[in-house]
Amino acid sequence: MAEITVTLPDGSTRTLPVGATAGDLAADIGPGLAKAALIATVDDAEVDLGVPLADGQKVAIVTAGSDAGLTTLRHSTAHVLAQAVLEMYPGATYAVGPPIQDGFYYDFALPDGATISDDQLEAVEARMREIIEADQPFERHEVSAGEGLELFADHPYKREIIETVAMAPGGDGAGQPADELADEVAGGGQISYYRNSDSFIDLCRGPHVPSTGRLGHFKLMSVAGAYWRRDAHRPSLQRIYGTAWASRKDLAAHLHRLAEADKRDHRRLARELDLLSWPTELGPGLAVWHPKGAAVRRIIEDYSRRRHDEGDYLPVATPHIARSELWETSGHLDFYRESMYPPMKLDGASYHLKPMNCPFHALIYKSAQRSYRDLPIRMFELGTVYRYELSGAVHGLMRSRGFTQDDSHIFAAREQAPAEIASLVAFVLSVLRAFGFDSFDARLSTRPPEKSIGGDAEWDMATEALRSALEASGLEYELDEGGGAFYGPKIDIDVRDAIGRSWQLSTIQVDFQLPERFGLEYVGADGNRHRPVMIHRALMGSIERFFGVLIEHYGGAFPAWLAPVQASILPVAATHSDYAAEVESRLSQQGFRVQVAEAQEPLGRRIRAAKLQKLPYVLVVGDDDVAHATVGVNARGGDGDERGVSLEDFAARLASDVEAHR
RNA sequence: GCCCGAGUAGCUCAGUCGGCAGAGCAGCUGUCUUGUAAACAGCCGGUCGCAGGUUCGAUUCCUGUCUCGGGCUCCA
């Protein structure tokens with residue numbers, strides 16, 4: 001009997017009869033693996049378990065324990081979703097349904113533009129469970145693109161996928177697959193599809209789990225609108241989002257994480273902790289800062305100012321509006337107009353609210369003749385800008401229409417730029433770490449293909465300077481081709497918060513264009529006039545977003561150095577009120593933010609109130625404390641209370657917390 | 001901006017198949033004077049987002065609009 005030999009990931013080999021499949025291999029290795037197997041990789045390509053193996057191949061069995069396995073699980077669950085929806089809504093058609101982080105989605109168009117509401121999801125989910133219960137096999141079939149068009153005759157979106165990808169000119173399928181379609185079908189004039197019942201097939205490059213019975217730990221999450229092929233001019237489809245996991249436990253853990261994230265939502269905490277609010281009278285994306293929110297903001301800003309002073313930045317200040325001519329010169333009206341508020345006409349002139357601070361800083365630079373001896377000049381401003389964000393994009397503090405950038409523009413000689421950028425990256429990380437962030441994602445964004453100004457050589461030079469600074473920093477980074485600003489490439493640094501979500505904050509941008517447009521110059525050592533390079537840099541990005549991220553990062557439990565109220569002083573009874581006032585006064589004099597909660601309510605209730613406000617410390621003072629100049633200290637997150645702590649010791653402890661940013 | 005959903009007291013939410021709108025918490029007043037996560041009682045509080053329409057009558061049905069939420073797109 002003929003045999004084949006394949007190599008396993010650990011380097012060992014297995015011999016199997018000719019015709020054996022990856023599934024057979026899994027069974028040969030062990031029943032546990034056979035049960036857990038979802039797909040396999042053969043010579044590093046992912047395939048169904050049903051494919052026959054060939055002699056000499058490198059084969060690995062993939063389970064839900066790996067990313068690839070989990071992705072497949074989600075992808076297959078998406079297919080089951082499509083099957084359920086198509087069965088339940090006759091006349092519905094389907095578009096694409098890829099796996100995504102934590103789950104999957106599928107896009108549908110229902111007949112006559114019907115929509116699916118959230119409460120219909122339960123019924124869809126129930127139908128999906130029936131399909132899973134039936135344990136239908138996923139059978140792979142390959143046909144020509146032409147046959148594919150016939151198979152999917154009633155499904156225009158599927159036909160469009162086949163036409164645009166599988167039948168792309170050149171036949172290699174590399175047409176426009178920068179988008180989601182590429183996942184659906186490989187191209188090359190052939191298509192593959194999967195059949196898992198008499199009535200349901202789906203266009204797909206695969207692979208899939210062997211049968212629907214392997215699925216089950218999923219939940220449909222929401223319905224949303226989404227444009228076909230991510231194009232606002234194309235039809236809007238009904239998108240159903242779901243999450244899927246390898247086990248019931250993983251699913252439960254995921255749902256728990258979501259609930260935790262919701263508890264940390266800065267919009268919820270902003271209200272609960274009385275930090276700020278968004279009166280609808282102001283319009284979307286505009287907030288007012290309440291005293292407690294403003295207290296934290298001032299600490300953030302003061303810290304930022306101090307670090308900039310230490311870094312030889314020169315504070316500047318500029319107005320909020322300027323003549324439209326300024327924005328023509330800068331190029332903003334050409335390249336950024338859709339994000340700008342419309343012009344205000346008065347006294348025969350036209351003015352725009354500023355969407356960025358850079359042109360003002362360029363004019364400050366230009367106000368005097370500059371020498372190479374002056375460079376680099378680092379200007380710093382907490383500059384409030386206004387951007388007309390799409391109403392649907394506005395999101396609490398994270399995306400607002402007015403926000404304050406901790407904005408710097410550094411004017412440097414070209415040869416100074418690389419070193420300056422390198423030190424900027426270090427500066428940015430140092431400040432972010434001071435606020436408790438220690439995990440970062442960096443990204444290098446290059447020239448946008450359409451909207452941009454300047455020559456290739458300058459773009460290349462600027463991109464190279466950023467790249468080398470990133471390399472030197474040791475940060476890992478990814479490349480975002482075409483993601484740069486209209487005037488130059490950029491580095492973005494995102495921080496990860498306490499529950500692993502990523503937020504874009506810092507940006508460093510190299511710009512040869514604005515100096516050109518504004519005719520900026522300096523006199524070099526050679527006596528000739530040279531053009532400086534301008535480095536744009538926002539560190540926290542926007543104070544508003546930064547604060548929003550901080551709220552969510554700490555879940556509202558700010559460390560003592562940031563907390564709007566560091567300690568609440570609770571007299572046990574009214575007779576201790578005078579002593580409480582004295583404690584308050586002494587701590588206030590040392591610069592601490594403290595308050596007294598008088599004994600009009602029972603102690604337990606006042607403690608509870610302070611805890612719900614997530615205060616770092618609750619100080620209880622009673623007879624013993626009055627007698628010995630002590631306080632009872634109840635620290636947030638501590639176990640129980642410490643009695644009889646001298647006031648001096650507590651003040652020292654709080655001072656040390658503040659110093660250490662605890 | 002587009003798709004879907006939602007706006008009821010300061011907050012969280014019930015409710016009205018079209019007939020004078022409810023709870024808890026918060027707030028206020030009084031009593032209680034408290035040693036580590038919710039004392040007791042009473043009171044105040046709503047043009048049911050806004051504007052039209054249908055109706056004897058609209059918070060409820062319809063239309064428009066504003067705001068919010070989830071997505072898409074975009075972004076600090």
Side-chain angles (χ1 to χ4, degrees), chain A residues 105 107 109 113 115-120 221-241 262 265 267-268 271-272 274 277-285 336 338-339 355-356 385 387-401 403-407 445 483 485 490 492-494 503-507 509 536-546 548-549 570-577 598-612 618-625 631-634 638 640-644:
Chain A
Y105 67 78
D107 287 347
T115 58
I116 300 174
S117 64
D118 283 356
D119 33 326
Q120 290 168 275
M221 303 301 287
S222 61
V223 187
Y227 299 117
W228 169 234
R229 302 188 68 185
R230 304 184 181 184
D231 183 342
H233 305 295
R234 300 288 202 113
S236 186
L237 304 172
Q238 292 279 298
R239 174 170 297 179
I240 297 179
Y241 281 94
D262 185 56
D265 189 307
R267 293 162 302 183
R268 169 203 283 258
R271 187 174 52 244
E272 290 174 358
D274 194 18
S277 59
W278 290 264
T280 59
E281 290 86 339
L282 303 188
Y336 207 73
E338 62 196 27
S339 297
M356 295 188 189
V385 298
R387 299 184 185 175
Y388 191 79
E389 296 291 342
L390 292 180
S391 60
V394 166
H395 177 89
L397 287 174
M398 304 307 194
R399 276 296 274 291
S400 57
R401 283 183 171 172
F403 60 95
T404 303
Q405 295 183 300
D406 59 334
D407 207 2
S445 300
K490 62 176 182 171
D492 290 312
I493 298 176
D494 301 353
W503 301 97
Q504 183 178 345
L505 297 176
S506 310
T507 182
Q509 309 174 353
H536 306 244
R537 191 239 58 189
L539 197 166
M540 297 165 181
S542 104
I543 302 296
E544 287 78 0
R545 176 181 289 184
F546 191 74
V549 174
L570 278 43
V572 171
T575 51
H576 312 117
S577 192
E598 295 291 357
Q600 277 150 0
E601 290 170 324
L603 183 63
R605 186 183 183 85
R606 286 177 284 148
I607 287 172
R608 175 178 155 80
K611 291 295 182 186
L612 290 177
V618 177
L619 304 180
V620 175
V621 294
D623 287 335
D624 298 344
D625 301 295
V631 292
V633 177
N634 181 329
D641 55 303
E642 305 158 50
R643 298 279 282 274

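Letters go in sequence order (proteins before strands), and every chain restarts at 1.
Residue A:Ser391 places at least one side-chain N or O under 4.0 Å from the OP1 or OP2 atom of B:rG1. A sub-4.0 Å separation between OP1 or OP2 of B:rG1 and a side-chain N or O of A:Tyr388 is present. Taking side-chain N and O atoms only, A:Tyr241 has a distance below 4.0 Å to OP1 or OP2 of B:rC72. Taking only side-chain nitrogens and oxygens, A:Arg267 never comes nearer than 4.0 Å to OP1 or OP2 of B:rC11. OP1 or OP2 of B:rG70 lies within a sub-4.0 Å distance of a side-chain N or O belonging to A:His395. Remark: A:Gln405 is not in phosphate contact with B:rA76, judged by side-chain N or O atoms under 4.0 Å from OP1 or OP2.
Between B:rU59 and B:rA9, the two P atoms lie 15 Å apart (nearest whole Å).
Of all nucleotides present, only B:rG24 satisfies the Watson-Crick or G-U wobble test against B:rC11, with each distance under 3.5 Å.
A donor and an acceptor atom never sit less than 3.5 Å apart when one is taken from the side chain of A:Gln600 and the other from the base of B:rA39. The base of B:rC11 is not paired with the side chain of A:Arg271 by any donor and acceptor separated by under 3.5 Å.
Nearest-nucleotide positions on RNA chain B place A:Gly392 closer to the 5' end than the other of A:Val633 and A:Gly392. Each of A:Ala538 and A:Asp625 lies near RNA chain B, and the nucleotide nearest A:Asp625 is the one positioned closer to the 5' end.
For A:Lys611, taking side-chain heavy atoms from C-beta onward, the closest of the listed nucleotides B:rA76, B:rU33, B:rA37 is B:rA37. Here B:rU33 is the nucleotide among B:rC72, B:rA76, B:rU33 with the atom lying nearest to any side-chain atom of A:Ala573. Counting only heavy atoms from C-beta on, A:Arg545 has its side chain closest to B:rA76 among B:rC4, B:rA76, B:rG71. Among B:rU36, B:rU34, B:rA76, the nucleotide with an atom closest to any side-chain atom of A:Val572 is B:rU34.
Across all strands, A:Leu505 comes closer than 4.0 Å only to sugar-phosphate atoms, never to a base (heavy-atom distances). Residue contacts for A:Gly632: at a heavy-atom cut-off of 4.0 Å it reaches a base atom on one of the strands shown.
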